[in-house]
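Keep in mind that the numbers below use all heavy atoms, side chains included, and drop hydrogens, waters and symmetry copies. Everything numeric here is computed off the predicted structure, so don't read it as measured data.
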Amino acid sequence: MKYLLNKIMIGLFLMGVLSSCDSFLDETPDNRLRLDSYEKIAELLTNAYPGGSGVFMEWMSDNVGADPKNMQRIDMTQAYRWENVELEGQDTPSYYWSSHYSAIAHANQALSALEGVKEENTELRNAIRGEALACRAFAHFMLVTVFAKSYDPQTAASDQGIVIMKEPEVTLLSQYKRSTVKEVYDFIEADLSEAIGLISDKYYKNSGKYHFNKAAVLAFASRFFLFKQNYPAAEKYATELLGSEYNPRMIRDYSQVYTGTTSEVIAYKFTDPSLLSNLLLIRKDVLYGYKAYTGYRFNQDVYQSLVISKKDMRFSVSYSYGGTASFLPKFQRDLIRKTSITSSSGYPYTIEVALRAEEVFFNRLEAWLMMGVDKLPLFEEQFNQYLMAVYAQTVNYTTLLGSYKRVYAQLSEHDLRLKMVLDEKRREFIEEGLRWFDICRHNLSVQHIDVTGASYFLTEKDPRKVLQIPQSAITYGGLDPNVREDISEPKAHLVNNN
């Protein structure tokens, strides 16, 4: 029966709901843990943070290149060529899909269980409800961002989105229907708006950085409304977090973070919960996702085209395994979740900074640009302070703008400034996956050259920017697939350089 249930529900929940939630959902009524207290529901919510990493988005971006010395993996190669990734394990779109729907299922179960708790503590109840709503909104948002078109006010009401899950799943043979992008965004906005008013840091242990704390939910709101093109709202929530002035305490000092004897020591400092700019940390299941000796990676060719100054503190430390590929010490790469206390083996994972203040800073810069010339003085002043910080006082806004005008003379003043923002954001978040979202939102093109010398091109409005949903969701969930160009055969966008 459980195998049948897994097969039917695999498209939406795969492993998460049906394994990590066993103790809550799969036991008999006489034995199961009853969600009859706020403490138990809060514990359930620790599973409402998706464990699937979006590392595959980095492989699709312009942040990586080929290294013939690397061990090649089919899933990385398919992502690099913007083909449908067929594998379903860690580091893949399918795993990402299932882990996010698993997170949604846990959030829904928590929201439902809250209705039956008899304890009289309204403040705690509201805080738990706020966290659950934020988790549900975040998982839906990440799914619609990856598996649907970027939000366009002109087409969102007809663009195919994802399945909205509002309630705990109780039906065995459910058939699902994909909502439009607008419907998904409206649903997310309702959850997010309520969560902002409810979340409280009062009840979190330690730093609270592994939960949707107040700062994290504001950061999420700034991203959400930026992507929705509601720029005043993006500015509002960014300012609520950062303050109206440039806030250097919310921008990491790489001269302090990038210090240590090993990459693991530095990576721990990069993801340290005590670092003010780290707002939300999530444990992610990874396999080869951050192993620089595999697949397509940040390499010397990308470095030469991206880094404009040797004084750029964001690239002051890097490591390699002997080839041209290298990595920055942003992730601990050797963490293992043991299968038991006495076991010597287990499952690899890492800690990702899912939301950090530097992104909120860039969200506001972009929002200011889109809001018009009235915001330009704020934009220029605060962008200048950031540039001076990360370039060790050697590059300022005026010199950078002058350089861009010479190199990109065909661009308008607005487009020049936008490119400056997106390029600096790319440098700040290299290897963290955010670049792919900007490629999709701003209709950027990408060229990849694989290890055989063949070139692949992703055009500005390429349908392959919308990833295919898992085959299991189509087969067992009854969902309509995304329309993507089949690139299994050489076509006009492929050129062999040999």
Side-chain angles (χ1 to χ4, degrees), residues 9-14 16-17 48 50 52 54 56-57 60 82 84-85 92-105 107-108 133-169 174-195 220-221 223-230 233-234 433-434 436-443 461-485:
M9 299 303 298
I10 194 171
L12 295 182
F13 305 127
L14 199 62
V17 178
F56 56 87
M57 287 183 267
M60 297 187 295
W82 308 294
N84 293 339
V85 177
T92 68
S94 291
Y95 194 86
Y96 190 86
W97 169 281
S98 63
S99 71
H100 281 69
Y101 273 115
S102 172
I104 292 169
N108 280 335
L133 289 170
C135 288
R136 185 169 72 175
F138 185 72
H140 277 99
F141 176 72
M142 299 310 293
L143 286 168
V144 75
T145 304
V146 174
F147 295 100
K149 290 182 179 179
S150 297
Y151 190 92
D152 181 342
Q154 303 302 316
T155 63
S158 58
D159 289 338
Q160 186 169 234
I162 59 166
V163 175
I164 297 173
M165 300 298 291
K166 302 179 181 179
E167 306 289 343
E169 181 58 51
S174 295
Q175 289 292 300
Y176 304 98
K177 182 176 180 294
R178 297 176 68 172
S179 299
T180 66
V181 169
K182 183 180 185 304
E183 289 169 338
V184 177
Y185 266 72
D186 289 346
F187 175 76
I188 294 167
E189 185 171 347
D191 272 5
L192 178 56
S193 297
E194 184 179 352
F220 172 32
R223 181 193 290 184
F224 171 79
F225 285 108
L226 180 72
F227 283 30
K228 195 183 178 186
Q229 301 178 32
N230 184 340
L434 286 185
W436 177 250
F437 298 145
D438 289 345
I439 288 171
C440 295
R441 290 191 306 120
H442 291 286
N443 297 321
K461 295 187 178 182
D462 203 302
R464 293 169 297 166
K465 289 182 177 179
V466 178
L467 272 63
Q468 187 58 273
I469 67 175
Q471 184 60 46
S472 50
I474 300 169
T475 303
Y476 302 108
L479 300 185
D480 294 329
N482 288 326
V483 178
R484 301 182 87 235
E485 181 185 2

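- The shortest non-hydrogen separation linking P463 to V483 is CB-O, 3.9 Å.
- Across all their heavy atoms, M165 and N108 have their closest contact at O-ND2, 3.1 Å.
- Considering OG1 of T145 and NE2 of H100, their distance stands at 9.5 Å, rounded to 0.5 Å.
- Scanning both residues, A107 and A48, for their nearest heavy atoms gives N-CB, 4.1 Å.
- Here I164 contributes atom CD1 and K177 contributes atom NZ; the two are 9.5 Å apart, rounded to the nearest 0.5 Å.
- One N or O on the side chain of R136 and one on the backbone of K166 form a donor-acceptor pair closer than 3.5 Å.
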Check your understanding: Would F437 and M142 count as a side chain to side chain contact (heavy atoms under 4.5 Å, CB included) if you check the C-alpha gap in whole Å, the side-chain angles of each, and the deciding distance to 0.1 Å?
Key -> CA-CA 10 Å; F437 298 145; M142 299 310 293; 3.6 Å; yes
**Study point:** Check against side chain to side chain contact (heavy atoms under 4.5 Å, CB included), V181 and K228
**Key:** CA-CA 10 Å; V181 169; K228 195 183 178 186; over 6 Å; no
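- In this structure a side-chain-to-backbone donor-acceptor pair under 3.5 Å is missing from R464 to R484.
- Panel note: side chain S98, backbone Y95; a donor-acceptor pair is recorded below 3.5 Å.
- Residues that satisfy the salt bridge (charged side-chain N to carboxylate O under 4.0 Å, His left out) test with K465, not counting sequence neighbours, are absent from this structure.
- Ring geometry for F227 versus F141: interplanar angle of 30 to 60°, hence tilted.
- Taking the ring pair (Phe, Tyr, Trp, His ring centres under 6.0 Å) definition, one finds that F147 meets it with W97, sequence neighbours left out.
- Nearest heavy atom pair, residue D480 against residue I469, reads O-CD1, 3.6 Å.
- Taken to the nearest 0.5 Å, the CZ atom of R178 stands 4.0 Å off from the CG atom of N482.
- Minimum interatomic distance between A134 and A195 (heavy atoms only, all atoms of both residues): N-CB, 3.8 Å.
- Between the side chain of N230 and the main chain of F225, no donor-acceptor pair closer than 3.5 Å is present.
- Atom CD1 of residue I188 and atom CG of residue L143 lie 8.5 Å apart, to the nearest 0.5 angstrom.
- A distance of 10.0 Å separates OH in Y96 from CG in L467, rounded to the nearest 0.5 Å.
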Tell me which donor-acceptor pairs under 3.5 Å the side chains of residues 148-156 have, and how far apart each pair is, sequence neighbours excluded?
residue: D152; atom: OD1; partner: Q154; partner atom: N; Å: 2.9
residue: T155; atom: OG1; partner: D159; partner atom: OD2; Å: 2.7

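- In this structure, F224 has its ring center at least 6.0 angstrom away from the ring center of F138.
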